[in-house]
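In what follows, a structure is listed as structure tokens, so that the remarks can point back to it.
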Amino acid sequence: MVRVILIGYMGAGKTTVGKALAAALGLVFYDLDWYITMRYRKSVSEIFAERGEEGFRDLERRMLHEVAEFENVVISCGGGTPCFYDNMEYMNTLADTIYLKAEPDVLAMHLKMGKGKRPLIEGKTPEELEEYIQKSLLEREQYYTKAKYTIDISLLDTFTKIDECVRIIREMVKI
Ligand code: S3P
């Protein structure tokens, strides 16, 4: 049975790499944010607006407990998922957890390239965004580094780079 959970900061490439990894392994892919959106029929931004961050984190934890029980899956979780409650320990007991580690400038580039709305960084100027990433990444690394595996991610702007990343993960986790 294979169960892989990708963790890392917003814009690290969890969804991009997760989809490619699942396709390469012939497994089903789940993105925790999408799962939440599907179950609640609301976007993450709407849930933040209605319930605040605390409400979102509670719901995120409950949805994690559903998804992380599935078998033969690749799951990408939200950037904040490992940093609340005992989520990181919980994921480690059930899955091969992989931290997609990227430098702040790579994260900022991916976030600027991406189309998804993210309530925590909405409306920030490029300078504010870089400052926010630097500060919160520093706080979050203590959780991310609890993952069983870490892979360094550079700018994922070509399919070749995404494939290379998938190859490294498969070699590292032996899947
Ligand atoms: C968050 C990351 C988002 C989403 C929410 C909060 C965070 O997921 O869960 O906006 O706290 O870092 P992505 O990492 O997929 O953008």
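For ligands, and for the atoms within them, numbers begin at 1 and follow the listed sequence.
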Under a 4.0 Å threshold between the charged nitrogen and the carboxylate oxygen, would R57 count as salt-bridged to E60?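 Looking at E60 and R57, the cut-off is met.
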Residue [X] vicinity, atoms of ligand 1 by number, heavy atom under 4.0 Å:
X    : result
G78  : 8 (O), 9 (O), 14 (O)
D33  : 3 (C), 4 (C), 8 (O), 9 (O), 13 (P), 15 (O)
R140 : 7 (C), 11 (O), 12 (O)

Close N or O approach (G80, ligand 1; < 3.5 Å):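 Yes; the residue has a nitrogen or oxygen that sits under 3.5 Å from a nitrogen or oxygen of the ligand.
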Any N/O pair G79/ligand 1 closer than 3.5 Å: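 Yes, G79 has an N/O under 3.5 Å of an N/O on ligand 1.
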So with a 6.0 Å cut-off around [atom1] of [X], is the heavy-atom count from everything else above 12?
X    : atom1 : result
K124 : NZ    : yes
E103 : CD    : no
K42  : NZ    : no

Among all protein heavy atoms in this structure, tell me which lies nearest to [atom], with the distance rounded to 0.1 Å.
atom                    : answer
atom 5 (C) of ligand 1  : V44 CG1, 3.8 Å
atom 16 (O) of ligand 1 : R118 NE, 2.6 Å
atom 10 (O) of ligand 1 : P119 CD, 3.5 Å

Could you tell me how the ring of F70 sits relative to the ring of Y30: parallel (under 30°), tilted (30 to 60°) or perpendicular (over 60°)?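 Because their plane-to-plane angle lies in the 30° to 60° range, the rings of F70 and Y30 count as tilted.
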Which residue, V173, I162, V74, forms the side-chain contact (heavy atoms from CB on, under 4.5 Å) with L21?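 Exactly one option meets the side-chain contact (heavy atoms from CB on, under 4.5 Å) with L21, and it is V74.
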Side chains of E46 and Y40: donor-acceptor distance under 3.5 Å anywhere?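 E46 vs Y40: no donor-acceptor pair found between side chains.
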So, Y9 and S136: side-chain donor and acceptor under 3.5 Å apart, yes or no?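 There is such a pair between these side chains.
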For ligand 1, which part of [X] has a heavy atom less than 4.0 Å away: the side chain, the backbone, both, or neither?
X    : answer
H110 : neither
L120 : side chain
E53  : neither

Measuring from non-hydrogen atoms of R57 to any atom of ligand 1, is the shortest distance under 4.0 Å?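 Per 4.0 Å heavy-atom rule, R57 contacts ligand 1.
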